[in-house]
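Since the structure comes first, as structure tokens, the remarks are kept for the end.
Bear in mind the structure is a predicted one, so any value in this text is a computation, not a measurement. Throughout, residue positions are numbered sequentially from 1 according to the sequence presented.
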Amino acid sequence: MKKLKLIQNIVDAGVVAVIRGDSAEEVIEIARHAILGGIKVIEITLTVPKALKAIETLSDEFQSDDLTADNYAIIGAGTVLDPETARAAILNGAEFIVSPNLNEETVKLCNRYRVPVMPGAMTIQDMQSALELGVDIIKLFPGNAFSPSMIKAVKGPLPQVNIMPTGGVSLDNLHEWIKAGAAAVGIGSDLTKGLGESKDYQVITEKARQYMNAYHEAKQQ
């Protein structure tokens with residue numbers, strides 16, 4: 001049941017922060033301030049040096065079983081290319097796995113351990129294959145290669161698919177993606193834009209608040 005609850009909580013949260021950085025310490029601070037700003041789903045990419053350390057630290061610090069808790073957050077791993085990396089991330093506390101592509105063995109491993117997996121896809125063939133493997137949410141990647149109308153086009157032949165666009169989602173177009181039927185959205189570099197060398201992490205908190213406000217407004221329209 002935990003997997004189903006996690007998937008529902010990710011969809012309810014609506015915004016997934018895809019966090020990259022130069023070190024584990026940096027992404028931990030970015031994640032903390034994003035959570036403080038209201039983003040409750042954090043994806044630490046495995047391109048970050050010692051990313052597993054960051055995942056372990058954050059998963060120990062935050063809990064995902066109580067939506068009302070002040071320190072509530074769901075911590076996952078992104079840019080997972082193979083099942084070995086997925087298993088390592090899960091053992092270090094990752095509660096969901098995101099990939100830029102559809103790797104069948106990675107999906108099978110996540111299903112084996114009842115961990116939500118969101119592989120990347122951009123063709124109907126890949127999306128159908130993902131559905132047949134039991135994927136619940138498909139990451140439309142790179143999102144900036146498409147317009148929000150892509151979701152409507154896909155849902156013609158595949159009305160049952162849940163799509164999370166990632167890459168190119170901004171405060172300016174988030175409402176368009178939600179209106180088009182996105183199950184959730186992934187945001188990346190725009191969240192950390194303006195952080196600068198001074199590392200003023202309050203910039204992250206404020207941007208996170210803006211994203212969550214934009215998301216809630218879009219859902220109400």
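Interatomic distance, OH of Y72 versus CD1 of I35, reported as 10.5 Å (0.5 Å rounding). Summarising the geometry, atom CD belonging to E95 is positioned 14.0 Å from atom CD belonging to E43; distances are rounded to the nearest 0.5 Å. Note that CG of N103 and OG1 of T85 are 9.5 Å apart. Values are rounded to the nearest 0.5 Å. Note that the CG atom of L36 and the CD atom of Q202 stand 7.0 Å from one another [nearest 0.5 Å]. With rounding to the nearest 0.5 angstrom, the CD1 atom of I74 is 11.5 Å from the CD atom of Q63. Atom OG1 of residue T192 and atom NE2 of residue H33 lie 14.0 Å apart, to the nearest 0.5 angstrom.
Residues E217 and Q221 bring no donor and acceptor atom of their side chains to less than 3.5 Å of each other. Side chains of D12 and Q8: a donor on one and an acceptor on the other come within 3.5 Å. For the residue pair T57 / E61, no side-chain donor-acceptor distance below 3.5 Å is found, with atom types taken as modelled. Donor-acceptor pairing under 3.5 Å is lacking for the side chains of D126 and S129.
Taking each heavy atom of M122 and F141 in turn, the nearest pair found is CE-O, 3.5 Å. Across all their heavy atoms, L131 and Q160 have their closest contact at CD1-NE2, 3.8 Å. Of all the heavy atoms in I55 and A89, the pair that sits closest is CG2-O, 4.4 Å. Between V48 and I19, the shortest heavy-atom contact is CG2-O, 4.1 Å. Nearest heavy-atom pair across P100 and L81 is CG-CD2, 3.6 Å. Here the closest non-hydrogen pair linking G134 and N111 is O-OD1, 4.3 Å.
A salt bridge between E29 and R32 is present, with a side-chain N of the basic residue lying under 4.0 Å from a carboxylate O of the acidic one. Between E25 and K50 there is no salt bridge, since none of the side-chain N atoms of the basic residue sits less than 4.0 Å from a carboxylate O of the acidic one.
T106 has its side chain out of reach of P119: every pair of non-hydrogen atoms, C-beta onward, lies at least 4.5 Å apart. M127 places none of its side-chain heavy atoms less than 4.5 Å from the side chain of T123. The side-chain heavy atoms of V98 and T79, taken from C-beta on, include no pair separated by under 4.5 Å. Residues T47 and R20 form a side-chain contact, since some pair of their non-hydrogen atoms from C-beta on lies under 4.5 Å apart. Using a 4.5 Å heavy-atom cutoff, the side chains of K207 and D190 are in contact. Under the 4.5 Å side-chain criterion, counting only non-hydrogen atoms from C-beta, I187 is not in contact with T166. Inter-residue side-chain proximity for L158 and I124 is flagged as met; some heavy-atom pair is nearer than 4.5 Å. Taking 4.5 Å as the limit, some side-chain heavy atom of L109 sits within range of a side-chain heavy atom of I90.
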Under the side chain to side chain contact (heavy atoms under 4.5 Å, CB included) rule, what do N162 and V11 come out as? Steps first, then yes or no, please. CA-CA 10 Å; N162 296 310; V11 171; over 6 Å; no
Begin from the C-alpha positions of V41 and N9 and carry the test side chain to side chain contact (heavy atoms under 4.5 Å, CB included) through to its verdict. CA-CA 9 Å; V41 186; N9 287 351; over 6 Å; no
Any chance you could lay out the side chain to side chain contact (heavy atoms under 4.5 Å, CB included) test for E26 and Y201, step after step, and finish with the verdict? CA-CA 10 Å; E26 181 180 33; Y201 291 104; 3.8 Å; yes
Could you go through the side chain to side chain contact (heavy atoms under 4.5 Å, CB included) check for F146 and I151 one step at a time? CA-CA 9 Å; F146 305 94; I151 294 180; over 6 Å; no
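Residues M118 and V80 do not share a hydrophobic cluster, clusters being chains of Ile/Leu/Val/Met/Phe/Trp/Tyr side chains in contact below 4.5 Å. Residues V27 and I42 are members of one and the same hydrophobic cluster, defined by side-chain heavy-atom contacts under 4.5 angstrom among Ile, Leu, Val, Met, Phe, Trp and Tyr. I7 and V135 fall into different hydrophobic clusters, where Ile, Leu, Val, Met, Phe, Trp and Tyr residues are linked whenever their side-chain heavy atoms come under 4.5 Å apart, directly or through other members. Neither M212 nor I10 shares a network with the other; the hydrophobic side chains, linked directly or stepwise wherever heavy atoms of I, L, V, M, F, W or Y lie under 4.5 Å apart, form separate groups for each. Taking hydrophobic clusters as Ile, Leu, Val, Met, Phe, Trp and Tyr residues chained together by side-chain heavy-atom distances below 4.5 Å, V117 shares a cluster with V115.
Residue M164 is tested with L140, I138, V16, V169 for a side-chain contact (heavy atoms from CB on, under 4.5 Å); the sole match is V16.
F62 is linked by a ring pair (Phe, Tyr, Trp, His ring centres under 6.0 Å) to nothing, counting only residues two or more places apart in sequence or in another chain.
More than 12 heavy atoms of other residues, nucleotides or ligands shown are found within 6.0 angstrom of NZ on K3. The number of heavy atoms from other shown groups lying within 6.0 Å of NZ (K152) does not exceed 12.
At distances below 3.5 Å, at least one donor-acceptor pair connects side-chain atoms of N173 with backbone N or O atoms of S170.
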